[in-house]
Amino acid sequence: MLGGLVLASSVLTACGPYQYYDGTGLHDATPAEVAGVWENIEGTRVVFREDGTALLEKLDGQEFDFDDGWRLSGAGTWKLTDAYGGQRVRLALTARTRVERRVPSPADEDPAPEAPSTYTWRFFVDRDRHDEVALFFFYGDPDSGNAYAMKHSTAS
């Protein structure tokens, strides 16, 4: 019995806390709070329009796709969803207009993988200390807990 307990404990501790992250538990955000301009470093910008369409510039891939180094620009759609673990914003790139590479790009000896022509991000929805909506996703190895946080901008 003790051997089984040690084995189960070893298996459970091999996974980081973010590998099975269900969400923030937030269920009260509205589409109107998500709509608008969101930004991150190095020119990343996403415009969530009230009609459910979106424009994005230089948005990195999430989780392991981030390691490929591409940044996508184009048009798509978005939707605020709600599940047991909390709300998420699903952003789907449907028309890619540009691909860029992060500087510095990953130091792999193999050529960088080709960027996808369509892609779907799932942002977790939370509230900051001012009770404003906050959007983020994990990048790199999900076990590391590195969050790619978007900042709601007052610019249009």
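Fair warning: this is a prediction, and the values are worked out from it, not measured in the lab.
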Kindly indicate whether the side chain of Asn40, heavy atoms from C-beta on, has any atom under 4.5 Å from the side chain of Asp60.
no

Can you tell whether the side chains of Arg127 and Glu33 come within less than 4.0 Å, N to carboxylate O?
yes

Please step through side chain to side chain contact (heavy atoms under 4.5 Å, CB included) for the pair Val46 and Val37, ending with a clear verdict.
CA-CA 6 Å; Val46 178; Val37 178; over 6 Å; no

Kindly compute the distance separating CD1 (Ile41) from CZ (Arg102), expressed to the nearest 0.5 Å.
9.0 Å

Under 4.0 Å between a Lys/Arg side-chain N and an Asp/Glu carboxylate O for Glu39 and Lys151?
no

CZ/Arg88 to CZ/Arg122 distance, rounded to the nearest 0.5 angstrom?
7.5 Å

Is Val47 close to Leu56 at the side-chain level, that is, under 4.5 Å between some pair of heavy atoms?
no

Using only atom types and a distance under 3.5 Å, with no angle test, would you say the side chain of Arg71 pairs donor to acceptor with the backbone of Glu57?
no

To the nearest 0.5 Å, what is the distance between NE2 on His27 and CD on Gln87?
7.5 Å

The test is side chain to side chain contact (heavy atoms under 4.5 Å, CB included); show your working for Tyr119 and Asp65 and say whether it passes.
CA-CA 10 Å; Tyr119 192 79; Asp65 291 336; 2.6 Å; yes

Side-chain contact test, heavy atoms from C-beta onward, threshold under 4.5 Å: evaluate it for His152 versus Leu135 and give yes or no.
no

Out of Tyr148, Phe138, Phe137, which one pairs with Phe124 under the ring pair (Phe, Tyr, Trp, His ring centres under 6.0 Å) rule?
Phe138

Minimum side-chain heavy-atom gap Phe64-Pro142 below 4.5 Å
yes

Contact between Asn146 and Phe66 at the side-chain level, heavy atoms closer than 4.5 Å - yes or no?
no

So, do Trp70 and Pro113 sit near enough that their side-chain heavy atoms are less than 4.5 Å apart?
no

Is the shortest heavy-atom distance from the side chain of Leu93 to the side chain of Thr120 under 4.5 Å?
no

So do the side chains of Phe48 and Leu80 get within less than 4.5 Å of each other, counting heavy atoms only?
no

Could you tell me whether a side-chain N or O of Thr44 sits under 3.5 Å from a main-chain N or O of Leu59, the two making a donor and an acceptor?
no

